[in-house]
2 protein chains.
Amino acid sequence: MPAETLPPVICTVDVVLLTLRDDALHVVLHKRDREPFLGALALPGGYVHPQEDQGTEDAAVRVLRDKAGLESPYLEQLATFSGPGRDPRGWSVSVAYCALVPSGLVPVDAPQLRVMPVDRLPALPFDHKSIVDQAVARVRVKSQYSSLPVHLCGERFTLPQLQAVYEAVLGEPVNKVSFRRKMDELGMLEPIAGEQELGRANRPAQLYRVRREFRRTLSLLDRGM
Amino acid sequence: MPAETLPPVICTVDVVLLTLRDDALHVVLHKRDREPFLGALALPGGYVHPQEDQGTEDAAVRVLRDKAGLESPYLEQLATFSGPGRDPRGWSVSVAYCALVPSGLVPVDAPQLRVMPVDRLPALPFDHKSIVDQAVARVRVKSQYSSLPVHLCGERFTLPQLQAVYEAVLGEPVNKVSFRRKMDELGMLEPIAGEQELGRANRPAQLYRVRREFRRTLSLLDRGM
DNA sequence: CGAATAGTGTCTGTTAGACATTATCGA
DNA sequence: TCGATAATGTCTAACAGACACTATTCG
């Protein structure tokens with residue numbers, strides 16, 4: 001079948017922007033500023049712009065910048081969703097991306113943004129609910145055997161803080177001794193010399209940061225957590 | 001930006017059809033029957049047909065049927081590749097799928113098909129080389145901790161045969177005792193009562209098949225192989 | 001000093017792999 | 001009976017998790 005006779009396909013990207021708030025995974029939703037679903041909360045997304053984007057990842061970066069006002073250090077392609085019914089405008093393809101950011105990076109006073117817990121989401125337009133579900137499932141699985149959750153921490157953090165992040169994402173407690181052995185095994189963290197988290201009525205915790213080489217990479221465990 | 005002003009995006013699917021031959025992963029390539037790259041070997045692929053496809057997976061199934069003449073019991077979305085340069089016709093998006101089939105399902109006498117070892121591929125048009133590489137990497141990783149390789153076996157097989165398949169995919173020997181423990185743990189195989197592989201000068205091996213409930217699912221290991 | 005949490009040492013049960021042993025076929 | 005491979009038993013080393021102990025801060 002020659003290409004010219006084919007009806008057009010709507011080509012978009014959607015970003016599942018995840019962050020941690022109150023020890024629970026949250027997704028950043030965006031109030032739609034056009035039809036369809038004008039005014040509804042949905043995933044930040046938009047058309048691919050063939051004139052300017054070198055690929056769908058560029059489009060995702062642009063959407064994050066324009067709609068959520070941030071640059072995510074971690075951005076991963078999730079999956080592609082398609083079909084005649086998911087968008088009322090017609091047959092569409094949406095390449096979904098998953099971004100993880102420390103909560104400090106999410107703009108606080110942006111009226112068009114809402115940060116919602118992933119376990120108690122409102123109804124979402126399109127098939128955005130299942131996109132979020134798939135992203136969360138992927139993040140949980142990947143956190144079992146990788147350094148993914150460090151992207152939810154800021155630049156400096158203590159091991160007990162990082163352990164709490166793992167526990168929040170995995171939804172279950174993690175053995176302290178094993179956890180520290182694993183983090184050591186990953187070889188991805190470095191203590192910040194002389195820097196400790198003081199000010200609390202207990203032994204201060206050592207501050208760590210991600211080694212430069214691992215800033216934008218994942219580190220994998222042979223066996224899971 | 002209103003949709004009408006955006007230049008069109010070419011929307012296609014490509015299928016990485018993998019099988020095992022001579023204890024090595026092979027990919028089934030298809031001789032292109034149109035421009036661009038007319039006559040070149042490439043991944044079987046084609047346009048999404050919005051009138052008939054309910055999603056890109058339908059398009060992948062159709063492509064497999066039309067170009068490779070088979071129905072794959074295992075078909076998984078791999079990733080989506082996009083950009084202005086990958087297809088000379090213009091800015092394109094290709095949703096890539098990965099299929100695994102027993103070698104018996106690949107038509108033997110189809111002149112438009114070639115079965116090539118994944119480790120010694122010729123140059124391929126588009127970005128098909130990197131799509132194949134990504135599919136192979138994914139299959140290898142997933143075989144570490146799942147029942148994926150059973151889809152490369154036929155309906156009936158012995159445990160030593162299945163172990164050989166795992167070893168071929170993983171590229172390294174597997175401990176026999178552990179392997180059998182793992183397969184037992186997966187709870188996915190059932191012995192075919194009274195059926196053994198006879199005819200060789202040694203103790204015959206028990207024949208197994210995949211339990212009905214697991215025919216189209218993957219079974220996952222807590223820890224890897 | 002006491003409360004609280006960070007960080008570490010150690011023990012034990014579980015698991016993976018090496019090796020040995022037994023089983024069962026054809027020749 | 002012999003050679004070959006299937007299938008299983010068993011021992012050991014590695015690992016994960018439980019628990020306890022020490023360290024260090026604030027009040």
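For the numbers below, each heavy atom of this structure counts, side chains included, while hydrogens, waters and symmetry mates do not. Order of the sequence lines sets the chain letters (A, B, ...), proteins ahead of strands, with each chain counted from 1.
With distances taken from any side-chain atom of A:P160 to the nucleotides C:dA4, C:dA6, D:dA4, the minimum falls on C:dA6. Residue A:R200 places its side chain closer to C:dT5 than to any other of C:dG26, C:dT5, D:dA4. Closest to the side chain of B:R180, from the set D:dG17, C:dT5, D:dA7, is D:dA7. For A:A205, whose side chain is taken as the heavy atoms from C-beta onward, the closest listed nucleotide among C:dG7, D:dG17, D:dC26 is C:dG7. Here the nucleotide nearest the side chain of B:A201, chosen from C:dG26, D:dA4, D:dC26, is C:dG26.
Using bins of under 30°, 30° to 60° and over 60° for the plane-to-plane angle, the ring pair B:Y145/A:Y145 lands in the tilted bin.
Going from atom CD of B:E167 over to atom P of C:dG17 covers 12 Å, rounded to whole Å. In this structure, CZ of B:R203 is placed 5 Å from C1' of D:dA7, rounded to the nearest angstrom. Straight-line distance from the CD atom of B:Q196 to the C1' atom of D:dT5: 13 Å, rounded to whole Å. The nearest whole Å value for the distance from the CZ atom in A:R181 to the P atom in D:dA14 is 14 Å. The nearest whole Å value for the distance from the CE atom in A:M225 to the P atom in D:dG17 is 8 Å.
Taking for each of B:V177 and B:T158 the nucleotide of DNA chain D with the nearest heavy atom, the 5'-most of the two is the partner of B:T158. Residues B:R223 and B:K176 each lie close to DNA chain C; by heavy-atom proximity, the contact nearer the 5' end of the strand is made by B:R223. With DNA chain D read from its 5' end, the first of the two nearest nucleotides for A:S178 and B:Q161 is the one closest to B:Q161.
Side chains of A:R86 and A:S92: a donor-acceptor N/O pair is present below 3.5 angstrom, by distance only. Side-chain contact, B:E195 with B:Q206: no donor N or O sits under 3.5 Å from an acceptor N or O. Between the side chains of B:Y97 and B:T56, at least one donor-acceptor pair of N or O atoms lies under 3.5 Å.
Proximity of A:N175 to the phosphate of D:dA18: a side-chain N or O atom is located under 4.0 Å from OP1 or OP2. Distances shown here put a side-chain N or O of A:K182 below 4.0 Å from the OP1 or OP2 atom of D:dA16.
Checking each of B:H128, B:R32, B:H30 against B:L43 for a side-chain contact (heavy atoms from CB on, under 4.5 Å) leaves exactly one that passes, namely B:H128.
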